[in-house]
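Presented below is the structure to which this report refers.
Below, chains carry the letters A, B, ... as their sequence lines are ordered, and counting in each starts from 1.
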Amino acid sequence: MRILIVEDEPKVASFIRRALEEESYAVDVCSDGIQGRDLASEVDYDLIILDLMLPGLPGIDALKAIRDAKVATPILILTARSKVDQRVKGLDAGADDYLTKPFAIEELLARTRALLRRASGDSTGLLQVDDLILNPTNHEVTRGGQRIDLTSKEYALLEYMMRNSGRVLTRPMIAEHVWDLDFDTFTNVIDVYISYLRNKIDRGYDRGLIHTVRGSGYTLKLTDA
Amino acid sequence: MPSPRANTSIRVRLTIWYGGGLALIMLLFATALYVVMARALEDQVDRSLEEAAVAASRSLEEHRFGPFLLLDDLAQAFPELALIDKFFQIFGPQGQVTLQSANIKTRNIPLSQTALQSSLQGQAVFETVRFHDEIPIRLLSYPVRHGQALVNILRVGTSLQPEKEMLARLVFVLLIGSPLAVVVSVLGGWFLAGRALRPVDDITLTAQRIAGGDLTQRIETTSKDEIGRLANTFNNMIGRLEASIRQIRQFSADASHELRTPLTITKGETELALRKPRSAEVYREALESNLEEIDRMSRIVEELMFLSRTDLGEVHVASDPVQLDTLVQEIHMQAMVLGKEQRISTTLGQVEPLRVSGDEWRLRELILNLVDNAVKYSLPRGTVELELTQYRGMARVTIRDHGIGMTPEEQRLIFDRFYRTDAARAHAQKGTGLGLSICKWIAEAHHGTIEVVSTFGQGSCFTITLPLLPAAAAS
Ligand SMILES: Nc1ncnc2c1ncn2[C@@H]1O[C@H](COP(=O)(O)OP(=O)(O)OP(=O)(O)O)[C@@H](O)[C@H]1O
Ligand SMILES: [Mg+2]
């Protein structure tokens, strides 16, 4: 899951980024409204965290511009003011949720999970394909009741594939949602991670869940065959 | 328990005092008038009796009718004696009536013992007699003597009815008039007291609204009287109060707003560090970051407190002679240290020996703040020029840099609290945006000015102008 942070105070952006990365999200940071607005429509983010006090373009205007560009990505706004009208304005302009500074890190993470869950259309919070279960809250992955230990990147890749189970995911799509802007698309890192995942998830099971779609990419689903 | 007086309004008390006082005065006046009037009337009666008696006795002597006087003749000779309001009696020396005027009719008015005795001694006597409940009569017994011997006693009398009536009328007028006057005056007093006190009620109402929290309220007043002065004093007081409260509100708003970012950072860094066990290095970084933010918060609070105190006029600057050139040279040394990391060198231009009057500590803060800005907003390896010259009888400190500069709109705003240009934020992370607000206050507190000339992307030049210490005071 890839998240964009638009926040001009670098130290605030920094700790939010580290917290999200610790939760295996791919994170990009930008510090002004114009750049944030442009990035939001160029990259298919899964969530945007937007500060309302921004140089260049005020957060509210950036928010409106993003929605005007028909970007439906969930947006969480950060406001320095606890004033109600600021929050109301933000929500009316198309934000999905808000947090007032200073906020608790765990709350930010919980709201992030909730927004991602809502976007992928499930409400239980658990992601499940066949007997493979992923819990985004504590990052626990089990198959047939058996715990599977994953690295952070493997987890991120699996979460993305499970949220989009049944769909064919191309390499650029995977790169966009699991890796951040620093990712070099010309390497075979994705294929390497897919093979790691296969090793941990499908090995020793009759039914394989990760499938290669020749010429396009990968998909995660339960096949009857 | 409050005294009952405390509960009665001033208007009531004023009116009661006024009415009571007036009633008392009216009473005294009426009494005095009555007494004086009564005395005057009595005197008048007595004098007319006396005149009549004198005239009658003279005619007695002239006609020498002896003891037997014919009243008709007398009446003819002295028409005034025939007036109906007086009657005459002539007594013999033993007190027996010998003659009396017709208007006495049947009444028997004997000569009293005292009158007889006095007459024997040659003295006239006035008496007032009253028969049953009839109108009192005033009598004058007047001895008529021939040589040493008492020949006759002449008595003139008159009814006191006109006088009694007059006094009764007077009493009537006073009894009706005085209370009426008192009532009218009390009503007038009540009205006037109300009018005079209405501004006080206005003040009370306004004060109540102000107590309710609306400090923008003022008492409307145009008069220059006592109440007007009270209202003006009151308005001034509220004005000061409003200003102070606005300051305090502004302070808390600014403080809470500006403290939010460092608080967010310290909270975030700390919570993140505590999420799971980490290496010593990570903890160290978190603590360092927190320390930085704590320093920032203390600076904000300190500088904001200072500015808040200047707003309330609580900060006083000393007025000692300050040798500006030494100050500038010392700051130059500090500037070299400030710019070391970024290799920004500060050069010292012309430095004239100049003295100003002021607070050395604050003036140092003023110049150092500007030099700090110049270094902070310079590009690496840039130069800052510092100069002290005399210009038009003023001391002029110039701080010039070749750094990021500002647009004209930005130059207008930099002296505002917390204002930082976007370029400055991007260039130097640290900064509260309060430095120049403090500089401006210090310059103005020294009767000086601070000006800026800048070009965006090219650099800025700040100029401080301070009045020189007069030569006499300098020596
Ligand atoms: N020499 C300069 N060159 C360019 N911009 C400047 C210069 N001096 C001041 N400014 C602008 O004016 C703003 C206000 O300056 P001020 O000194 O009040 O605050 P600061 O330097 O940001 O913070 P601090 O309170 O720590 O000094 C700065 O943020 C910057 O945008
Ligand atoms: Mg400064």
Side-chain angles (χ1 to χ4, degrees), chain A residues 5 7-25 27 29-36 49-59 62 76-83 86-87 98-112 137-139 152, chain B residues 249 252-279 281-297 300 404 406-407 409-410 413 418-433 456:
Chain A
I5 301 172
E7 161 70 69
D8 69 315
E9 189 62 47
K11 288 178 87 174
V12 175
S14 156
F15 83 78
I16 298 179
R17 198 198 70 234
R18 278 176 284 140
L20 290 172
E21 279 175 353
E22 211 164 272
E23 293 295 292
S24 303
Y25 298 110
V27 182
V29 173
C30 80
S31 61
D32 76 273
I34 297 168
Q35 204 191 341
I49 295 174
L50 177 69
D51 183 27
L52 285 190
M53 292 269 292
L54 288 174
L57 186 68
L76 172 68
I77 51 173
L78 298 179
T79 140
R81 287 162 221 165
S82 48
K83 292 218 179 94
Q86 191 74 23
R87 283 177 271 169
Y98 67 85
L99 269 178
T100 45
K101 292 177 180 179
F103 50 83
I105 260 290
E106 294 304 334
E107 189 174 0
L108 174 81
L109 294 173
R111 283 174 195 265
T112 302
T137 313
N138 58 12
H139 291 199
S152 178
Chain B
R249 284 208 187 121
S252 14
D254 286 349
S256 71
H257 184 256
E258 293 302 319
L259 291 177
R260 209 165 287 236
T261 302
L263 275 174
T264 306
I265 295 168
T266 36
K267 187 174 165 71
E269 287 287 355
T270 310
E271 284 180 353
L272 185 59
L274 291 174
R275 282 191 90 208
K276 46 176 84 161
R278 306 193 186 262
S279 70
E281 187 54 32
V282 174
Y283 286 130
R284 190 190 167 76
E285 277 169 16
L287 285 178
E288 273 170 0
S289 158
N290 282 357
L291 188 60
E292 236 177 67
E293 295 310 312
I294 290 166
D295 286 344
R296 173 157 142 193
M297 288 190 265
I300 291 174
I404 59 171
M406 292 163 267
T407 64
E409 299 92 87
E410 288 172 339
L413 296 169
F418 296 113
Y419 181 81
R420 300 192 71 208
T421 64
D422 289 347
R425 280 172 203 274
H427 182 82
Q429 286 308 329
K430 281 181 209 162
T432 58
F456 183 73

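Here the CD-CD1 distance, from A:Glu9 to B:Ile265, works out to 4.5 Å after rounding to the nearest 0.5 Å. Rounded to the nearest 0.5 angstrom, B:Asp422 CG and A:Asp8 CG are separated by 8.5 Å. Note that NZ of A:Lys11 and OG1 of B:Thr266 are 9.0 Å apart. Values are rounded to the nearest 0.5 Å.
Taking each heavy atom of A:Val12 and B:Thr261 in turn, the nearest pair found is CG2-CG2, 4.3 Å.
The side chain to side chain donor-acceptor pair (under 3.5 Å) search around B:Lys267 returns B:Glu271, not counting sequence neighbours.
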From CA spacing to verdict: salt bridge (Lys or Arg N to Asp or Glu O under 4.0 Å), B:Arg278, A:Glu22 = CA-CA 12 Å; B:Arg278 306 193 186 262; A:Glu22 211 164 272; 2.7 Å; yes
side-chain contact (heavy atoms from CB on, under 4.5 Å) between A:Leu109 and B:Arg275, intermediate numbers included = CA-CA 12 Å; A:Leu109 294 173; B:Arg275 282 191 90 208; 3.3 Å; yes
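Interface check for chain B: of the options A:Ala19, A:Pro10, A:Pro102, the most heavy-atom pairs under 4.5 Å are formed by A:Pro102.
More than 12 heavy atoms of other residues, nucleotides or ligands shown are found within 6.0 angstrom of OH on B:Tyr419.
Applying a 4.5 Å heavy-atom cutoff, none of the residues of residues 29-36 of chain A approach chain B.
Between A:Glu7 and B:Thr264, every side-chain heavy-atom pair lies at or beyond the 4.5 Å cut-off.
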